[in-house]
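So that the names make sense, note that chain A is the first sequence line, chain B the second, and so on, each numbered from 1.
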Number of protein chains: 2
Amino acid sequence: MTLDGLPHHGGGAEELARLLARALLAGRWQPGDAFPRELDLCAHFAVSRNQVRNALASLTATGLIERTAGRGTVVRAVVDWHLLDPLMSEWMVGLADPDPQLVREIFAFRYSAEPVVARLATEAAEAADLERLEAAFQGMTRTAGEPEARGLHAEYDVAFHDAIYLASHNLVWRQMGHLLRPSIIALIQSSQAHVHQEHESLDDSLARHGRVLEAIRRRDPAAAEHAAREVLRRTAIDLGIVDAPAESTH
Amino acid sequence: MTLDGLPHHGGGAEELARLLARALLAGRWQPGDAFPRELDLCAHFAVSRNQVRNALASLTATGLIERTAGRGTVVRAVVDWHLLDPLMSEWMVGLADPDPQLVREIFAFRYSAEPVVARLATEAAEAADLERLEAAFQGMTRTAGEPEARGLHAEYDVAFHDAIYLASHNLVWRQMGHLLRPSIIALIQSSQAHVHQEHESLDDSLARHGRVLEAIRRRDPAAAEHAAREVLRRTAIDLGIVDAPAESTH
DNA sequence: CTTGCCAAAATGTCTGACATTTAATAGGCT
DNA sequence: AGCCTATTAAATGTCAGACATTTTGGCAAG
């Protein structure tokens with residue numbers, strides 16, 4: 001419950017918030033646990049109480065902690081976290097050891113949502129949206145298989161899926177593009193672990209992405225929905241969420 | 001651009017934030033406009049700079065405004081708003097004159113999302129979820145048609161749809177229950193306006209809700225998806241988003 | 001055993017001064 | 001005139017310290 005082992009930081013309330021948030025996301029405290037007091041944080045990080053209070057305000061706003069006058073600060077349960085807050089997504093990316101349960105939940109959401117969004121995109125996409133999809137797909141193609149461009153490839157991957165959400169032209173759906181980055185970053189970290197069938201997997205994934213693009217361009221709702229689901233099915237395999245390609249396509 | 005006409009308030013930064021947020025949501029300022037300065041807000045509302053800064057921090061966190069040292073505070077565009085932030089939903093409920101475009105966007109989202117969520121619910125619902133659905137549905141039935149219980153009926157309506165999201169047992173989907181309250185409150189305000197075919201509409205809506213419950217209880221994914229879509233189709237008519245029941249059921 | 005009071009500890013608030021950033025402005029030089 | 005620079009003004013950001021408020025627990029009287 002102490003704050004031993006937390007790294008120091010350069011400066012600024014934002015970075016302090018990020019640091020504490022990542023410790024929380026990594027499971028450093030359990031739900032219901034007492035969080036360090038303001039003055040202890042001030043002392044440990046050598047910052048003013050202002051900075052600490054600002055940082056804690058961010059954690060409160062994202063549902064990570066709950067503060068009450070007189071009682072103190074306690075850590076909230078995972079179900080109370082505001083997973084759709086952009087700040088939260090920012091804090092999740094590059095997390096060394098993300099909670100596999102959380103990764104699975106986010107993926108399950110995407111698996112159910114993205115086919116619908118792809119369908120919407122066939123109806124709402126305009127020229128600019130198609131260009132964005134096209135550019136992202138070509139970026140993916142260009143960087144595929146180059147080991148040193150792994151990060152860049154992931155960025156194009158994020159851009160591709162984000163472009164689908166944007167193409168839906170719905171204010172609510174497009175908010176959820178934030179979830180993509182942590183989800184996809186987790187994917188490449190996971191696939192870095194098991195280096196099995198690297199080439200097959202990538203080619204297959206690329207082809208499936210291409211079919212989504214094509215379906216949206218043809219404005220074929222059923223095909224887009226199906227293709228998006230196929231992309232995510234491939235991703236599920238690579239993430240190790242489903243261990244075998246034993247499932248049929250329908 | 002001034003703050004004439006803004007009502008005063010009882011006290012507390014939360015209420016001040018709520019007040020300013022509602023003014024923003026009501027379109028009091030245009031995107032890109034300059035927002036009042038801290039000291040002006042202090043003077044107008046007779047509160048300390050602390051309270052003002054706390055309130056503005058909330059508005060910043062929800063993407064309503066953007067602040068930069070030296071430049072000031074400017075109002076952000078609607079596409080930058082964090083519509084999925086619980087605070088935002090709280091601020092939206094009971095808004096006197098909600099932006100019809102925004103209401104339509106939120107409804108379009110629900111129309112595409114809830115059928116999928118209902119399908120998930122058939123697979124993931126447990127006993128407690130069915131009880132919650134059942135209780136909400138019976139509450140809706142009990143309060144249907146009673147003019148003085150209009151607000152209570154809306155609450156049961158919210159509870160019913162929220163129960164669907166909860167029954168999906170997915171961390172991301174259940175976050176979106178927040179969107180329901182403003183959406184459904186807008187509905188009853190709208191239906192208060194045109195008092196056409198009050199009884200028919202309510203009976204029909206109730207029956208469609210019942211079919212969702214039944215489908216989830218039977219664990220019939222296709223039926224649940226279809227029934228949820230039918231509920232929202234009814235709602236679309238009542239909201240005046242589609243003006244006629246000219247569309248076929250399939 | 002209960003009740004009430006008091007003290008300790010935590011977060012919340014206020015105030016005033018100062019720091020920093022940004023934009024506009026005035027001035028001098030070519 | 002035109003341009004570059006230094007200054008000023010105006011806004012948000014930060015700090016430090018004292019004080020207020022809320023909650024909890026202990027202690028003592030009944």
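Taking both residues in full, the closest heavy atoms of A:L56 and A:I65 are given as O-CD1, 3.8 Å, listed atom of the first, atom of the second, then distance.
When only modelled atom types and interatomic distance are considered, B:H153 and B:D157 share no side-chain donor-acceptor pair under 3.5 Å.
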**Prompt:** Taking protein heavy atoms under 4.0 Å as touching, what does nucleotides 4-17 of chain D look like 5' to 3' if B marks base contact, S marks sugar-phosphate-only contact and - marks none?
**Reply:** -------BSBBBS-

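The backbone N or O of B:L232 sits nowhere less than 3.5 Å from a side-chain atom of B:E114 that would complete a donor-acceptor pair. B:N170 places a side-chain N or O within 3.5 Å of a backbone atom of A:E105 that can act as its donor or acceptor partner. Judged purely by atom type and a 3.5 angstrom limit, B:R49 has no side-chain atom pairing as donor or acceptor with the backbone of B:L41.
Using cut-offs of 30° and 60° for the angle between ring planes, the A:H209 and A:F160 rings count as perpendicular.
Within the structure, side chain to side chain donor-acceptor pair (under 3.5 Å) pairs that include any residue of residues 68-95 of chain B comprise B:R67-B:T73 (at least two apart or interchain).
Stem regions annotated for DNA chain D: C:1-9 with D:22-30, C:11-19 with D:12-20, C:21-30 with D:1-10, counting only runs of 3 or more consecutive pairs of Watson-Crick or G-U type with both contacts under 3.5 Å.
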